[in-house]
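This report refers to the structure that appears directly beneath it.
When reading the values below, keep in mind they use all heavy atoms of this one structure, side chains included, and skip hydrogens, waters and symmetry mates. In this chain, numbering begins with 1 at the start of the sequence shown. If you're wondering where the values come from, they're calculated on a predicted model, not measured in any experiment.
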Amino acid sequence: MSKFEKMTADTQAVDASVDGVLRALRSPGNDGMSLEQLQALFAEVVRAYAHLRESDKELAPFPSNSDVSATEVAIAATGILEAADMAAFELGMWQTLKN
């Protein structure tokens, strides 16, 4: 069992439309999702994207009209790597080996 599965096991489920989830994401901790719900959702999204990416190496993580900045990607990627106890060097080695 991964750290993420341990964290999400007791998290309350969210039953909402995509629009509802997006609204809740825009104000975590206030009227939106709790931090625990956001973390659980993020863990599931990462798992789903990783699975899809293994099948389709060209699958982009964001829609073509996304305004996600390079800074936001770097902050999120750094947090993901730290949570998985993985350094950028290890990621580089993994990418080299898989090619």
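- Here the straight-line distance linking atom CD of Gln39 with atom CD of Glu44 works out to 13.0 Å at 0.5 Å rounding.
- Note that NE2 of His51 and CZ of Arg47 are 13.0 Å apart. Values are rounded to the nearest 0.5 Å.
- The stretch residues 59-68 participates, sequence neighbours left out, in no side-chain hydrogen bond (donor to acceptor under 3.5 Å, both in side chains) pair at all.
- Annotation: side chain to side chain contact (heavy atoms under 4.5 Å, CB included) contacts of Glu72 (sequence neighbours excluded): Val68, Ser69.
- Looking only at distances, a side-chain donor or acceptor of Tyr49 sits under 3.5 Å from a matching main-chain atom of Leu59.
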